[in-house]
Amino acid sequence: MGNKITLVGAGLAGSLLAVYLAKKGFEVNVYEKRSDMRKGEVERGRSINLALSTRGIFALKEIGLYEEIKKIAIPMYGRMMHPVEGELMFQRYGKDDTEYINSVSRSVLNMKLMDLAEQYENIKIHFNNRCTGMNLESGECHFTNDNTGENFSVTADTVIGTDGSASALRMEMLKLPGFNFSQTYLEHGYKELNIPPAQNGGFRMEKNALHIWPRGTFMLIALPNLDGSFTCTLFHPFKGEEGLNSLNTKEKAAEFFKKYFPDSLSLIENLEESFFTNPTGNLMTVRSGPWFYKDKVALLGDAAHAIVPFFGQGMNASFEDCTVLNQSIEKHGTDWKKVYSEYYDERKINTDAIADLALENFIEMRDKIADKRFLLNKQIEAELFKRFPDTFVPKYSMVTFYRFPYSTALQRGNIQQEILDALSEGKSSISEVDFSAGEKLVKDRLSAII
Ligand SMILES: Cc1cc2nc3c(=O)[nH]c(=O)nc-3n(C[C@H](O)[C@H](O)[C@H](O)COP(=O)(O)OP(=O)(O)OC[C@H]3O[C@@H](n4cnc5c(N)ncnc54)[C@H](O)[C@@H]3O)c2cc1C
């Protein structure tokens with residue numbers, strides 16, 4: 001009893017979760033609304049590449065796929081900052097070259113996860129089948145086959161919604177009394193552009209970095225791809241004199257790039273064309289809860305908690321959901337109500353925290369990273385980390401290179417920021433900083449927190 005599971009959505013989280021569940025011996029049927037991306041053109045939308053870091057890597061190791069993904073991942077050791085004028089500046093992410101994030105193609109990662117899933121006899125992925133709703137009491141799930149138009153229903157012991165930020169299952173759960181939901185859009189949209197490989201097939205900019213053009217209220221970033229190209233993303237407000245809505249002619253778009261990102265002009269492919277043919281995406285934070293109903297259904301990944309992409313953690317957090325759900329199954333077996341309840345209790349506080357951290361990091365990326373005080377704080381932070389490696393771990397590292405709960409990273413990160421601000425107040429260089437005062441602050445304010 002309790003061994004047949006329906007998953008809705010074979011995206012990143014759904015395909016990974018299917019493998020975790022199959023390893024436990026469950027019979028897993030995954031229903032995916034899109035056609036099989038391995039057989040045709042990859043649908044455009046969302047991001048082309050993603051930053052994969054420690055939490056995601058941990059999950060990939062658990063299902064035995066990391067070694068293969070490593071081969072298609074490009075290490076990014078830090079941020080390469082592009083000012084409007086002047087020299088590029090490199091800011092390392094971690095303490096040394098052993099700490100880096102990885103640029104990975106979203107579609108290749110998804111396809112490799114599906115390939116692995118289909119190696120398990122007890123997983124079946126049903127493509128072109130769109131979930132249209134669910135009877136939450138009986139557990140019956142309803143689908144439409146988009147090729148044939150056929151409507152059908154499926155019953156399993158339990159259903160897990162991995163159907164992304166516009167989740168159909170979450171829509172169903174909205175009808176439940178006590179189900180909370182909020183969806184908050186940023187005033188910024190995003191547009192992807194391409195920097196092609198150099199003629200010899202190499203990279204036109206430093207390969208092992210995340211490139212960033214911080215410009216106060218907006219920014220351009222670029223992540224490397226295996227073929228030598230970079231995918232650039234402009235994050236920009238919709239409104240305003242130079243906002244996305246006002247950049248409505250090729251001339252205006254070209255002028256905007258010339259003014260703010262002059263060194264990108266000769267690199268971006270068909271800028272003027274692409275700016276108009278490529279879609280503009282929205283960015284939102286989705287919070288919801290509780291993510292389960294009785295033993296019948298649970299939500300996981302973006303379906304439960306979509307976040308803005310500025311900490312590069314949406315997929316990593318969704319993969320960590322899978323790790324935690326798997327641990328909960330290990331404890332409670334097929335007592336799904338207990339499994340879901342424990343999974344939700346552990347994850348909700350942490351996914352709320354990463355949602356806040358991601359919003360905060362947008363301001364850091366677009367506005368602060370070129371600021372003198374910010375750069376001094378970064379130097380002090382590195383020094384405190386060296387002196388107190390167990391107590392003062394930089395916030396970025398806690399989120400990206402460790403598996404500290406996100407809520408701990410948020411709480412400690414805020415206190416650490418106050419310590420950094422106190423130590424850098426009125427100082428113009430690290431040689432002026434009083435590290436004995438720093439030691440006292442670290443001991444007084446951080447030692448008592450777990
Ligand atoms: C611009 C951008 C950049 C990002 N960069 C990063 C990054 O660098 N690092 C990172 O960790 N995260 C990043 N993210 C976040 C990451 O993309 C998501 O967190 C991740 O894709 C969530 O995985 P998921 O499986 O929950 O949802 P999805 O990847 O959206 O998958 C959902 C799946 O469900 C299917 N589906 C939807 N509705 C139905 C239905 N009704 N019936 C059946 N199937 C359905 C969809 O077709 C899809 O296959 C970024 C996001 C954006 C928008």
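Order of listing sets the numbers, starting from 1, for every ligand and every atom in it.
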Can you check whether Arg38's main-chain N or O pairs, donor with acceptor, with Asp36's side chain at less than 3.5 Å? yes
When only distance counts, is Glu192 in polar contact with ligand 1, meaning an N/O pair under 3.5 Å? no
Minimum distance, heavy atoms only, to atom 10 (C) of ligand 1: which one of His305, Glu320, Met315 is it? Met315
Region of Ala13 engaging ligand 1 - heavy atom pairs below 4.0 Å: both
From the options Leu223, Asn49, Asn194, Ile195, select the one residue that forms a side-chain contact (heavy atoms from CB on, under 4.5 Å) with Ser229. Asn194
Using atom types as modelled and distance alone, determine if a side-chain donor or acceptor of Asn129 lies under 3.5 Å from a backbone N or O of Lys33. no
Specify side chain, backbone, both or neither for Cys131, according to which of its non-hydrogen atoms lie closer than 4.0 Å to ligand 1. both
Asn49 N/O under 3.5 Å from ligand 1 N/O: no
Would you check the N or O atoms of Tyr190, main chain and side chain alike, for any that come under 3.5 Å of an N or O of ligand 1? no
Pull out every atom of ligand 1 sitting under 4.0 Å from any heavy atom of Gly164, numbered as shown with elements. 27 (O), 30 (O), 32 (C)
Consider every N or O of Ala168 and every N or O of ligand 1, then say whether any pair is closer than 3.5 Å. no
Using a 3.5 Å cut-off on N or O atoms only, is Gly314 in polar contact with ligand 1? yes
Looking at Thr285, Asp352, Asp321, Asn350, which hits side-chain hydrogen bond (donor to acceptor under 3.5 Å, both in side chains) with His305? Asp321
What atoms of ligand 1 come within less than 4.0 Å of a heavy atom belonging to Val8? 42 (N), 43 (C)
Number the atoms of ligand 1 from 1 as they appear, then name those within less than 4.0 Å of a heavy atom of Thr162, with their elements. 32 (C), 33 (C), 34 (O)
Of the backbone atoms (N, CA, C, O) and the side-chain heavy atoms from C-beta on, which set of Thr233 has a member under 4.0 Å from an atom of ligand 1: side chain, backbone, both, or neither? neither
Counting only heavy atoms, tell me which of Gly133, Ala51, Gly11, Ala166 gets closest to atom 33 (C) of ligand 1. Gly11
Any idea which atoms of ligand 1 are less than 4.0 Å away from a heavy-atom of Tyr31? 43 (C), 44 (N)
Check ligand 1 against Gly301 and write out every atom of the ligand that is under 4.0 Å from a heavy-atom position of the residue. 26 (O)
Ring centres of Tyr293 and Tyr340 under 6.0 Å apart? no
Does any N or O atom in Asn316 lie less than 3.5 angstrom from one in ligand 1, N or O only? yes
Could you tell me, atom by atom, which parts of ligand 1 come under 4.0 Å of a heavy atom of Ser318? 22 (C)
Does Arg366 use its side chain to pair, donor to acceptor, with the backbone of Phe235 at less than 3.5 Å? no
Checking Phe256, Tyr190, Phe257 against His236 for ring pair (Phe, Tyr, Trp, His ring centres under 6.0 Å), the one that qualifies is Phe256
Which of the numbered atoms in ligand 1 are below 4.0 angstrom from a heavy atom of Gly312? 7 (C), 8 (O), 9 (N), 10 (C), 11 (O)
Heavy-atom count around Lys24 NZ within 6.0 Å, excluding the residue itself: above 12? yes
Is there a donor-acceptor contact under 3.5 Å from the side chain of Asn225 to the main chain of Gly228? no
Check for me whether Asn129 has a heavy atom closer than 4.0 Å to any atom of ligand 1. yes
Sub-3.5 Å donor-acceptor pair from the side chain of Arg170 to the main-chain atoms of Leu299, do we have one? no
The answer for which part of Ile307 has a heavy atom under 4.0 Å from ligand 1 is neither
Are Arg403 and Phe58 in a cation-pi setup, meaning NZ or CZ lies under 6.0 angstrom from the ring centre and within 45 degrees of the ring axis? yes
Donor-acceptor pair, side chain of Asn122 and main chain of Phe26, under 3.5 angstrom: yes
Option nearest atom 51 (C) of ligand 1 (shortest heavy-atom distance, choices Arg106, Met37, Arg130): Arg106
When Leu7 is tested against each of Leu300, Val159, Asn29, Leu21 for side-chain contact (heavy atoms from CB on, under 4.5 Å), which residue passes? Leu21
